[in-house]
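The figures that follow rest on heavy atoms only: side chains count, while hydrogens, waters and symmetry mates do not. Note that ligands are numbered from 1 as they come in the structure, with each ligand's atoms numbered from 1 the same way.
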Amino acid sequence: MKVSVIGASGRIGSAVSFLLAKEPYINHINLISREKSLNKLNGIKLDIYDALAAEGKDAEIEVHSENDLSVVEGSEITIIPAGIPRTNNMSRHDLAKENAKIIKKYVGGISKSCDTKLFIITNPVDVMTQKALVESGYERNQVFGLGTHLDSMRFKVAIAKYFGVHIDDVRTRIIGEHGDTMVPLLSATAIGGIPITRLPYYEYLPYQKIVDFVKSGGKRIIELKGGSEYGPASAIVNVVKCITNDDKRLLTLSAYLDGEIDGIKDVCIGVPVKVGKNGIEEVVPIKISDEEFKAFKHSVKVVKNCWNEVKDI
Ligand code: NAP
């Protein structure tokens, strides 16, 4: 399978290229960036080849400038983490206008000559996913964003640590905006299949503290090491794997809503979706508590406001 990574010179772009190159089903990766970053891409390519040699794995890695996006043709998935990242004290929304121009440039260029699935990472990811959908004119199943998948992983870690259980025993998710209004779903949280609310010690769970910790997870990593890469890159690989293997797993990605959840439409936001070989195969409208739903509707409003600021860029 061939994939393309646009913005491969960045933290997330290079980390995900490295992880994907090691996956057994990947045999070709296009690393794409601006002209000024081609030397860096060539360095990343050589470094990955060394790692592949150590692992006894083969894959073709090509370096391309953004000036020829036709090379994307034949890519099952095109991953886009290109964009300016947050620095200290910036919100994800502060990036919206600048990053909307970048998404428009790349998605416009790709969709002219290629058919691929667009997987958007650039923040604010929900709004950028909608920008990609609109600018590409692709079908909605083909265009999705990382959404709250990474936040769900962060929530999972916090729950596992609190209860002192194996990470793999925790099932949980966060829906809504990949941002301050994200909505953790206690109603969809279980350990070893047992709803969290029925477990001993649940009543002592420092819920708000955990939620605040998860919400500020990205900011904390920026302060400590400049930005996150292993977390997002591994979350991206999860999704790519799911599509390649036609796994039909329920992940929480940014997807376009057309009324599936209580009539909410014309917004891309983090919701549970079934992921398989066609990308987003179905939006899954799960039952959540009234309080969670109220918070989700607020999150939708915030994302729509941001979308209104960038839709005409
Ligand atoms: P980074 O290390 O600064 O990399 C940014 C990438 O974008 C580089 O390849 C850079 O290319 C490219 N780029 C920057 N400005 C550009 C422009 N004007 N035109 C074209 N390309 C440009 O940032 P990062 O940490 O990898 O983060 C990338 C994006 O992912 C950010 O928007 C960040 O907020 C977002 N993110 C999303 C999630 C999520 O869960 N969705 C999590 C973390 C981060 P050059 O090398 O040429 O400068």
Side-chain angles (χ1 to χ4, degrees), residues 4-19 30-44 63-67 69 79-88 90-110 118-132 144-155 174 176-180 182 214-239 251-255 268-270 303 306 310 313:
S4 292
V5 179
I6 303 191
S9 54
R11 277 176 189 277
I12 296 176
S14 54
V16 78
S17 301
F18 170 55
L19 291 185
N30 282 330
L31 308 180
I32 302 172
S33 264
R34 291 187 281 187
E35 200 77 24
K36 75 174 184 72
S37 303
L38 292 183
N39 277 346
K40 185 168 181 189
L41 285 193
N42 277 310
I44 291 169
V63 166
H64 294 283
S65 146
E66 61 172 11
N67 296 333
L69 291 173
I79 300 159
I80 310 187
I84 52 168
R86 280 192 295 164
T87 48
N88 288 341
M90 271 177 112
S91 83
R92 293 182 180 96
H93 284 197
D94 293 333
L95 311 172
K97 287 189 179 151
E98 226 28 66
N99 282 348
K101 290 182 207 157
I102 297 171
I103 293 293
K104 182 176 177 171
K105 169 176 76 169
Y106 287 140
V107 166
I110 293 167
L118 296 173
F119 186 6
I120 308 299
I121 317 302
T122 310
N123 274 322
V125 69
D126 302 295
V127 170
M128 295 305 124
T129 303
Q130 190 154 1
K131 191 74 182 157
F144 42 88
L146 190 58
T148 40
H149 185 46
L150 177 61
D151 307 295
S152 300
M153 297 300 114
R154 289 177 177 155
F155 196 39
I174 290 182
E177 178 202 13
H178 173 57
D180 292 341
M182 64 180 75
V214 171
K215 281 187 181 174
S216 56
K219 189 165 179 282
R220 191 174 314 108
I221 296 174
I222 290 170
E223 282 164 7
L224 293 171
K225 69 180 276 280
S228 60
E229 62 213 81
Y230 310 135
S234 298
I236 294 166
V237 174
N238 269 349
V239 179
L251 301 178
T252 320
L253 302 182
S254 193
C268 286
I269 195 159
V303 172
C306 187
V310 304
I313 280 175

Nearest non-hydrogen protein atom, atom 29 (C) of ligand 1:
Pro81 O, 3.4 Å
Pairs of nitrogen or oxygen atoms closer than 3.5 Å, one from Ser37 and one from ligand 1: do any exist?
yes
Selection from Pro232, Ser9, Gly179 by shortest heavy-atom distance to atom 42 (C) of ligand 1
Pro232
Is the side chain of Asn123 donor-acceptor paired with the backbone N or O of Pro85 at a distance under 3.5 Å, no angle test?
no
Any pair counted as side-chain hydrogen bond (donor to acceptor under 3.5 Å, both in side chains), so long as it reaches residues 5-16, sequence neighbours left out:
Ser9-Ser33, Arg11-Glu229
closest protein heavy atom to atom 15 (N) of ligand 1 is Arg34 NH2, 3.4 Å
Heavy-atom side-chain contact between Val239 and Leu253 under 4.5 Å:
yes
N/O to N/O below 3.5 Å, does that happen between Ala82 and ligand 1?
no
Distance from atom 2 (O) of ligand 1 to nearest protein heavy atom, with residue and atom:
Arg11 N, 2.8 Å
Just checking Asn42: does its CG atom have more than 12 heavy atoms from other residues, nucleotides or ligands closer to it than 6.0 angstrom?
yes
Would you indicate which of His178, Lys105, Arg92 comes nearest to atom 39 (C) of ligand 1 when only heavy atoms are counted?
His178
Closer than 4.0 Å to some heavy atom of Asn99 - which atoms of ligand 1 meet that?
32 (O)
Min N/O separation Ile121 to ligand 1 under 3.5 Å:
yes
Does Gly83 reach ligand 1 with a nitrogen or oxygen that is under 3.5 Å from one of the ligand's nitrogen or oxygen atoms?
yes
Looking only at non-hydrogen atoms, the one of Leu95, Thr148, Ile102, Thr129 nearest atom 17 (C) of ligand 1 is Ile102
Flag side-chain contact, heavy atom, 4.5 Å: Leu146 against Ser254
no
Separation between CZ of Arg154 and OG of Ser228, rounded to the nearest 0.5 Å
5.5 Å
Checking the N or O distance criterion of under 3.5 Å, is ligand 1 in contact with Gly10?
yes
Atom CD1 of Ile236 and atom CG of Leu150: how far apart are they, to the nearest 0.5 Å?
9.0 Å
Heavy-atom distance under 4.5 Å between the side chains of Phe119 and Ile80, does that happen here?
no
Beyond-backbone contact of His93 with Glu177, side-chain heavy atoms, under 4.5 angstrom
yes
Enumerated ligand 1 atoms positioned under 4.0 Å from heavy atoms of Tyr106
20 (C), 21 (N)
What protein heavy atom sits nearest atom 3 (O) of ligand 1, and how far away is it?
Pro85 CG, 3.3 Å
Which atoms of ligand 1 sit under 4.0 Å from any heavy atom of Gly7?
9 (O)
Does the side chain of Ile110 reach to within under 4.5 Å of the side chain of Ile6, using non-hydrogen atoms?
yes
If you measure from each non-hydrogen atom of His149 to ligand 1, which part falls under 4.0 Å: side chain, backbone, both or neither?
neither
Can you find an N or O of Thr122 that's nearer than 3.5 Å to an N or O of ligand 1?
no
Could you please spell out the steps behind the salt bridge (charged side-chain N to carboxylate O under 4.0 Å, His left out) verdict for Lys105 and Glu66?
CA-CA 10 Å; Lys105 169 176 76 169; Glu66 61 172 11; 3.1 Å; yes
re atom 36 (N) of ligand 1, the protein heavy-atom contact at minimum distance is Asn123 ND2, 3.2 Å
Under 4.0 Å from a heavy atom of Ile12: which atoms of ligand 1 are those, numbered in the order shown and with their elements?
26 (O), 27 (O), 30 (O), 36 (N), 43 (C), 44 (C)
Scan side-chain atoms only and decide if His178 and Asp126 contain a donor-acceptor pair under the 3.5 Å cut-off.
no
Heavy-atom contacts with Ser228 under 4.0 Å: which atoms of ligand 1 show up? List them by number with element.
43 (C)
